[in-house]
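Heads up, the thing below is written out as structure tokens.
Whatever order the structure lists them in is the order used to number ligands and atoms, beginning at 1.
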Amino acid sequence: MLYKGQWDRAGLDYQALKNQWHVVARADEVSAERPKAVTLLGEELVLWRDGAGQIHAWKDYCGHRGAKLSLGCVKKGEIECPYHGWRFDAGGQCTRVPAHPDQATPSSARLIFRHHAAERYGLIWVSLDAPVRPLPVFPEWEDASFRKVFAGPYRYRGNALRSVENFLDASHFPFVHANLNGNPDAPEPLKDYQVFKDDRGLRTSEISVFQPYGDHRGIPVDARYTYSVFNPTTAYFVKKTGETERFCTFLNATPVDEAECVIWLIVAINFGAELTEEKILYRQDMVFEQDRLIVESQRPARLPLDLQQEMHVRSDRLGIEYRRWIRELGQIAAEGKTTQPEIETALS
Ligand code: FES
Ligand code: CO
């Protein structure tokens with residue numbers, strides 16, 4: 001069922017996602033003065049920076065009368081609620097109640113719905129529960145021989161896991177990206193490939209894809225794709241052409257709720273100095289728009305993790321392993337203890 005603003009928490013997909021890092025914003029969207037509201041897995045969150053520039057992700061909620069902290073501001077490294085001006089420090093402790101300036105704020109006036117937040121690759125990452133996997137690896141980020149281009153964000157009225165599976169699926173190119181990445185009347189059969197799994201996630205052997213209509217430069221290429229999946233919502237491919245040309249994309253799909261996601265993309269490229277950023281973005285925007293129509297059409301919206309559902313062929317191997325892996329992560333998380341903190345905000 002499609003419904004907005006929520007995610008069925010009993011589902012193994014939710015279980016697999018609650019303790020993983022997710023991109024929720026670009027780092028430059030959260031300034032020193034202004035908090036930002038985001039939604040992750042149906043939870044409304046506020047992002048803000050303390051006096052040291054450290055990022056915080058809390059439930060977007062003031063314990064006094066329930067107003068959204070994201071409508072407030074940051075003063076002296078503390079977040080101030082827009083309703084009655086209470087201030088909270090980075091530890092969630094209330095430091096100031098303007099209606100009673102002479103009364104000390106008791107230690108029980110503390111917000112404890114705080115999540116895990118980090119900043120990397122120019123992006124802000126949040127994990128609702130303690131993250132069980134490290135932040136994803138983007139090897140080309142520090143490599144100066146690769147230009148980096150941010151694409152998107154692309155908003156899909158579709159499920160995040162469906163959108164990542166779409167990104168991992170090379171057999172749709174001749175159809176969804178017809179006359180761009182393949183010919184629908186003469187699709188090249190996908191050669192067999194392998195999927196490996198270890199504690200870093202999933203990765204494939206090279207997958208050969210002939211692109212008769214050319215790459216970003218318009219040159220027909222015999223491309224070799226290698227995919228990696230670092231966590232259920234972060235995936236990456238290296239597309240090799242020629243001896244040394246590498247076109248990499250690092251993709252993150254934010255699971256806003258069951259039926260909505262936001263896709264953040266960083267392209268890293270070590271050739272084509274003549275390609276303008278506009279030219280690269282033009283093609284990325286077109287490809288993701290074509291994918292959007294498909295992902296939004298998929299039913300059920302949520303990715304089925306039971307392999308008895310939907311039909312599978314050999315070329316779907318990566319998608320099959322992806323579903324198995326998420327199911328496994330979900331089962332492990334569901335067996336562990338979940339810690340939902342209680343609210344503690346009373347002011348005497
Ligand atoms: Fe936040 Fe009153 S609701 S200060
Ligand atoms: Co596509």
Side-chain angles (χ1 to χ4, degrees), residues 35 37 44 46 48 58-75 78-89 92-101 103 105-106 108-113 151-152 154 156 158-184 187-188 190 207 209 211 213 215-216 223 225 227 229 235-237 239 247 249-253 261 263 265 267 282-298 315-316 318-319 322 343-348:
E44 294 177 324
V46 56
W48 67 281
W58 294 359
K59 185 182 173 86
D60 195 1
Y61 169 84
C62 174
H64 177 220
R65 288 293 178 266
K68 281 195 162 61
L69 292 171
S70 59
L71 299 173
C73 55
V74 180
K75 285 186 188 153
E78 298 181 341
I79 188 163
E80 184 178 289
C81 178
Y83 199 180
H84 310 93
W86 287 27
R87 274 193 209 160
F88 300 91
D89 68 16
Q93 176 62 45
C94 178
T95 58
R96 184 170 176 265
V97 175
H100 304 284
Q103 192 182 326
T105 53
S108 60
R110 197 163 68 88
L111 297 177
I112 61 169
F113 274 101
Y154 304 110
Y156 286 11
N159 180 273
L161 301 179
R162 287 276 199 192
S163 78
V164 174
E165 193 187 66
N166 163 267
F167 176 77
L168 300 173
D169 175 353
S171 66
H172 77 273
F173 294 174
F175 301 94
V176 181
H177 312 300
N179 306 328
L180 189 67
N181 285 342
N183 180 350
E188 288 276 321
L190 209 66
I207 302 175
V209 180
Q211 297 186 322
Y213 300 97
D215 61 4
H216 285 71
Y225 284 76
Y227 291 91
V229 194
Y236 161 89
F237 71 67
K239 173 182 166 183
F247 183 94
T249 53
F250 182 75
L251 172 139
N252 301 272
C261 66
I263 295 170
L265 202 75
V267 172
Y282 177 77
R283 182 160 169 145
Q284 292 308 125
D285 292 353
M286 182 155 52
V287 164
F288 277 80
E289 178 60 12
Q290 291 167 339
D291 285 326
R292 181 182 69 79
L293 294 174
I294 295 295
V295 174
E296 292 188 349
S297 81
Q298 286 178 286
S315 49
D316 297 323
L318 180 53
Y322 177 65
I343 263 182
E344 236 186 80
T345 52
L347 180 70
S348 55

*Working to the nearest 0.5 Å, report the span between CZ of Phe88 and CD1 of Ile79.*
9.0 Å

*atom 3 (S) of ligand 1 - nearest protein heavy atom and its distance*: Arg65 N, 3.2 Å

*Could you grab the distance from atom OH of Tyr322 to atom CZ of Phe167, nearest 0.5 Å is fine?*
11.0 Å

*Could you verify whether a donor N or O on one side chain and an acceptor N or O on the other, from Asn181 and His172, lie under 3.5 Å apart?*
no

*About how large, to 10 degrees, is the angle ND1 of His64, then atom 2 (Fe) of ligand 1, then ND1 of His84?*
90°

*asked:* Report whether any nitrogen, oxygen or sulfur of Cys81 sits less than 2.8 Å from atom 1 (Fe) of ligand 1 (N, O or S, backbone or side chain).
replied: yes

*Kindly give the atom name of the N, O or S atom of His177 closest to the Co ion (ligand 2).*
NE2

*asked:* Looking at Leu69, is its backbone amide N or carbonyl O close enough to the side chain of Asp60 to form a donor-acceptor pair, meaning the two atoms are under 3.5 Å apart?
replied: yes

_Within 2.8 Å of the Co ion (ligand 2), is there any N, O or S atom belonging to Asp291?_
yes

*Heteroatom N/O/S of Cys62 within less than 2.8 Å of atom 1 (Fe) of ligand 1*: yes

*asked:* Keeping Arg87 on the side-chain end and Pro98 on the backbone end, is there a donor-acceptor pair under 3.5 Å?
replied: no

*Which of the atoms of ligand 1 are close to Tyr83, meaning less than 4.0 Å from one of its heavy atoms?*
2 (Fe), 3 (S)

*Can you tell me how far CD of Gln211 sits from CZ of Phe173, rounded to the nearest 0.5 angstrom?*
6.5 Å

